Student: 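The structure is given below, and queries will be raised subsequently.
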Amino acid sequence: MDLELTDKVAIITGSSKGLGLASAHALAAEGARVVICARGRASLDEAAGALRAIVPQQTRDGSMVSKAARDEAVLAVQADVATAAGAESVVQAAIDRYGRVDVLVNNVGKAGGGDIVATSDAEWQSTFDQTLFPAIRMSRLVVPHMRRARSGVVLIIASIWGRESGGRMTYNAVKAAEISLAKAMAQHLAGDQIRVNSIAPGSIAFEGGSWWKRQRDDPKAMAEFVEREIPLGRFGRSEEVGALVAFLASPRASSITGACITVDGGQSRSNL
């Protein structure tokens, strides 16, 4: 299936590894021009190299794509999108090179703290500053460009623990806020032909990620966790989330907006 993403411009935050990189990979493989960003230069350069290697070498009509054009299809911006200046630099870099933004994938985020007594104001603030506010700022920056084009897609990588109770308290709260934000934006922006959806992954294992580390450190406990909690009998894979990102970003999903879609192997328990 042709997802009709050739030459679309997509920004993916927190995209040097994990779900962000998998999302960028899926979009680049479909011919989109991808703008990736992260705070670390070395990991960002490595990710950019990997993405350039999978940019299609032929157009849909069979014409060859030059190496220069394939290299130009990936833009790596070193920035901290948890700051207003960092978010602005990423969007401006995309506009300067490509002249537009068609897709925004809000992926960056973190959480800390423990229970309500043990979690400080600073830990609460950090969670919202590192997760919710980047999504707000990045969306606010790209929407005017999408409005002018009368077209666009905003996606937020949330979690099943935003749909129901689970995980760290701070993570639960901020992911619920992201899902709510996506729903509200979908309602507000539908008249501009801008679609907004959230994605709720369950337990996803990728190299270097938290579930991968837990499997490495305590394989027996993780095997028991999978048997108990995930009906499909395995952790999810980052590329499965990436595939959904590419589909939702595409015209093939043209009537899907305001939705929250799980990728969790049956792990979540919510009816909604």
Side-chain angles (χ1 to χ4, degrees), residues 12-15 17-20 22-23 81-82 104-139 154-187 196-206 208-215 217-218 221-222 224-232 234-238 240-242 244-245 248 258-272:
I12 308 96
T13 66
S15 38
K17 61 183 179 181
L19 300 185
S23 299
V81 296
L104 169 65
V105 182
N106 287 304
N107 169 69
V108 72
K110 62 174 286 187
D115 66 19
I116 189 62
V117 175
T119 305
S120 68
D121 284 357
E123 288 171 313
W124 276 107
Q125 190 65 57
S126 176
T127 298
F128 279 84
D129 286 345
Q130 297 288 332
T131 308
L132 181 63
F133 277 98
I136 292 170
R137 290 191 184 106
M138 292 295 293
S139 299
V154 177
L155 301 173
I156 299 180
I157 308 298
S159 169
I160 59 172
W161 302 136
R163 292 166 54 86
E164 59 190 74
S165 179
R168 290 180 185 268
M169 180 181 293
T170 54
Y171 187 78
N172 210 167
V174 78
K175 291 301 178 180
E178 285 191 319
I179 292 170
S180 180
L181 172 65
K183 186 70 171 181
M185 286 174 57
Q187 295 291 322
V196 187
N197 293 292
S198 59
I199 295 171
S203 298
I204 309 292
F206 54 86
S210 60
W211 289 112
W212 179 86
K213 292 175 181 176
R214 292 176 192 178
Q215 283 182 300
D217 296 341
D218 195 345
M222 288 297 95
E224 292 171 351
F225 170 84
V226 168
E227 183 177 4
R228 182 178 67 250
E229 300 291 342
I230 307 178
L232 275 186
R234 64 170 176 84
F235 284 104
R237 298 187 291 267
S238 57
E240 293 171 318
V241 177
L244 179 59
V245 166
L248 289 176
C260 179
I261 301 174
T262 58
V263 185
D264 68 354
Q267 184 178 3
S268 58
R269 304 295 189 264
S270 174
N271 284 329
L272 302 175

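None of these values were measured; they are calculated from a predicted model. Just so you know, these numbers use all the heavy atoms, side chains as well, and skip hydrogens, waters and symmetry mates.
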Student: With a 6.0 Å cut-off on the ring centroids, do Phe235 and Trp211 count as close?
Tutor: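 Yes - the distance between ring centres of Phe235 and Trp211 falls below the 6.0 Å cut-off.
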
Student: Within the 4.5 Å heavy-atom criterion, are Ser198 and Glu178 side-chain neighbours or not?
Tutor: no

Student: Looking at CG of Leu248 and CD1 of Ile199, how far apart are the two atoms once the value is rounded to the nearest 0.5 Å?
Tutor: 5.0 Å

Student: Using distance alone, with no hydrogens and no angle criterion, decide if Ser203 and Gln267 have a side-chain donor and acceptor under 3.5 Å apart.
Tutor: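 On atom types as modelled, these side chains qualify, holding a pair under 3.5 Å.
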
Student: Have Asn106 and Ser139 got a donor and an acceptor in their side chains that come within less than 3.5 Å?
Tutor: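 The answer is yes; a qualifying pair exists.
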
Student: Rounded to the nearest 0.5 Å, what separates atom CH2 in Trp124 from atom CE in Met169?
Tutor: 6.0 Å

Student: For the residue pair Thr127 and Gly112, what are the closest heavy atoms and their distance?
Tutor: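 Distance-wise, the nearest heavy atoms are OG1-N, 3.6 Å.
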
Student: Check Ala182 against Val196 and note the closest heavy-atom contact, atom names and distance.
Tutor: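 Minimum heavy-atom contact is O-CG1, 3.5 Å.
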
Student: Determine yes or no for a side-chain-to-main-chain donor-acceptor pair under 3.5 angstrom, with Glu164 supplying the side chain and Ser268 the backbone.
Tutor: no

Student: What heavy-atom pair brings Lys110 and Gln130 nearest, and what distance separates the two atoms?
Tutor: CG-CB, 3.3 Å

Student: Can you see which heavy atom on Gly202 is nearest to which on Ile160, and at what distance?
Tutor: CA-CD1, 3.8 Å

Student: If we only count heavy atoms from C-beta on, is the Arg168 to Lys175 side-chain gap below 4.5 Å?
Tutor: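 No - every pair of side-chain heavy atoms lies 4.5 Å or more apart.
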
Student: Quick check for you: to the nearest 0.5 Å, what is the distance between Met185 atom CE and Asn197 atom CG?
Tutor: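 Interatomic distance, Met185 CE to Asn197 CG, rounded to 0.5 Å: 10.5 Å.
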
Student: Taking atom CG of Asp217 as the centre, does the number of heavy atoms from other residues, nucleotides or ligands within less than 6.0 Å exceed 12?
Tutor: yes

Student: Look up atom NZ in Lys183 and atom SG in Cys260, then write down how far apart they are to the nearest 0.5 Å.
Tutor: 9.5 Å

Student: Where is the tightest heavy-atom contact between Ile204 and Val263, given as atom of each residue plus distance?
Tutor: CD1-O, 3.9 Å

Student: Would the number of heavy atoms belonging to other residues, nucleotides or ligands and lying under 6.0 Å from CZ of Phe225 be above 12?
Tutor: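 Buried by this count: over 12 neighbours within 6.0 Å.
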
Student: Can you tell me how far the CG atom of Asp115 sits from the OG1 atom of Thr170, to the nearest 0.5 Å?
Tutor: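 Asp115 atom CG to Thr170 atom OG1 measures 11.0 Å (nearest 0.5 Å).
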
Student: Spell out, as yes or no, whether a donor-acceptor pair under 3.5 Å connects the side chain of Ser23 to the backbone of Gly242.
Tutor: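 No, the answer is negative, given that no donor and acceptor are paired below the 3.5 Å cut-off.
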
Student: Could you give the distance from CD (Glu229) to CG (Asp264), rounded to the nearest 0.5 Å?
Tutor: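 Going from the CD atom of Glu229 to the CG atom of Asp264 covers 11.5 Å.
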
Student: Search all heavy atoms of Asp129 against all heavy atoms of Pro134 and return the closest pair with its distance.
Tutor: O-CD, 3.1 Å

Student: Looking at Ile12, Ile157, Val245, which one forms a side chain to side chain contact (heavy atoms under 4.5 Å, CB included) with Leu19?
Tutor: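 With Leu19 as partner, Ile12, Ile157, Val245 yield a single side chain to side chain contact (heavy atoms under 4.5 Å, CB included), made by Ile157.
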
